[in-house]
Amino acid sequence: MTETNHDDDRALRGETERIVNEIAQELRTLDSGTTWFSGLSLRQRKKALQEVAKYAMQAHITAADGRAGVARAGVKPTANPSVMICMDPPRYGFSGLPAGEHVTAFRVLVSVFAVADTRRRQTHCKNACGHSWHNLQALTQQQL
Ligand SMILES: [Zn+2]
């Protein structure tokens, strides 16, 4: 049972990474990603939120990124996930939010990550980089 969960978690992490980065790189719409997220079980949604929060942390998002992301996400600035991400430093306990707020948390987190990650791709990573998640199309071609 534990092993099955472990395998499921690994598969879910891989899927989350691919989908979130496709959205950040405009290869997939936020709505399409939200549909995927909404189809997950409660346990999987919590895991996915923890995973995306980790990406946002690693991208070193700022309060300004938070505000820009919230605007993009189409979520009210007064919603709990919006308030949390715009704090300085941001608060990341999104998987602890009530289930009814998971979808808005996902939209906010992915959008804020997209803002910070796009800046990184356009500066630090501009002329190629070794981040596998920044080379999604190259990865796909290798698999063909
Ligand atoms: Zn990169």
Side-chain angles (χ1 to χ4, degrees), residues 3-97 99 101-144:
E3 269 183 35
T4 310
N5 276 346
H6 186 74
D7 285 348
D8 285 354
D9 286 352
R10 197 165 49 196
L12 178 68
R13 273 202 305 272
E15 213 171 324
T16 305
E17 180 179 342
R18 181 172 54 81
I19 288 171
V20 168
N21 282 290
E22 283 173 354
I23 296 167
Q25 293 168 45
E26 298 184 330
L27 303 171
R28 176 190 289 269
T29 63
L30 179 58
D31 284 342
S32 156
T34 303
T35 302
W36 167 79
F37 180 81
S38 304
L40 299 176
S41 69
L42 177 63
R43 183 179 167 279
Q44 289 174 322
R45 287 204 304 270
K46 287 185 177 192
K47 289 271 173 196
L49 284 176
Q50 285 167 3
E51 191 68 12
V52 190
K54 198 175 79 188
Y55 304 157
M57 258 183 262
Q58 287 167 350
H60 302 292
I61 60 163
T62 64
D65 294 339
R67 288 189 296 272
V70 167
R72 252 198 214 199
V75 175
K76 281 188 208 157
T78 50
N80 282 326
S82 307
V83 173
M84 287 162 70
I85 205 77
C86 289
M87 285 180 171
D88 190 13
R91 259 182 63 203
Y92 283 109
F94 294 93
S95 62
L97 285 167
E101 294 190 84
H102 285 176
V103 166
T104 46
F106 178 78
R107 292 183 72 94
V108 164
L109 267 177
V110 172
S111 301
V112 175
F113 166 73
V115 169
D117 188 67
T118 298
R119 183 176 55 231
R120 192 181 189 192
R121 287 196 316 278
Q122 288 170 349
T123 55
H124 180 73
C125 301
K126 198 171 182 186
N127 300 311
C129 68
H131 302 133
S132 58
W133 65 94
H134 283 162
N135 295 282
L136 290 175
Q137 281 163 326
L139 273 182
T140 310
Q141 279 159 6
Q142 276 170 20
Q143 285 159 3
L144 288 175

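As the structure is a computational prediction, the values presented were derived from the model and not from experiment. First listed ligand is number 1; within each ligand, the first listed atom is number 1.
Contact detail for Val112 and Val70: the closest heavy-atom pair is CG2-N, 4.2 Å.
Using modelled atom types, one finds a donor on one side chain and an acceptor on the other under 3.5 Å when comparing Thr62 with Asp65. Under the 3.5 Å distance criterion, with hydrogens and angles disregarded, a donor-acceptor pair is assigned to the side chains of Thr118 and Arg121.
At a cut-off of 2.8 Å, measuring from the Zn ion (ligand 1), the protein N, O or S atoms that fall short of it are Cys125 SG, Cys129 SG, His131 ND1, His134 ND1, waters left aside.
Between Lys47 and Glu51 there is no salt bridge, since no side-chain N of the basic residue sits under 4.0 Å from a carboxylate O of the acidic one.
The aromatic rings of His131 and His134 stand perpendicular to each other, their planes meeting at an angle above 60°, with 30° marking the opposite boundary.
When the ring pair (Phe, Tyr, Trp, His ring centres under 6.0 Å) test is applied to Phe37, the partners found at least two apart in sequence or on another chain are Phe106.
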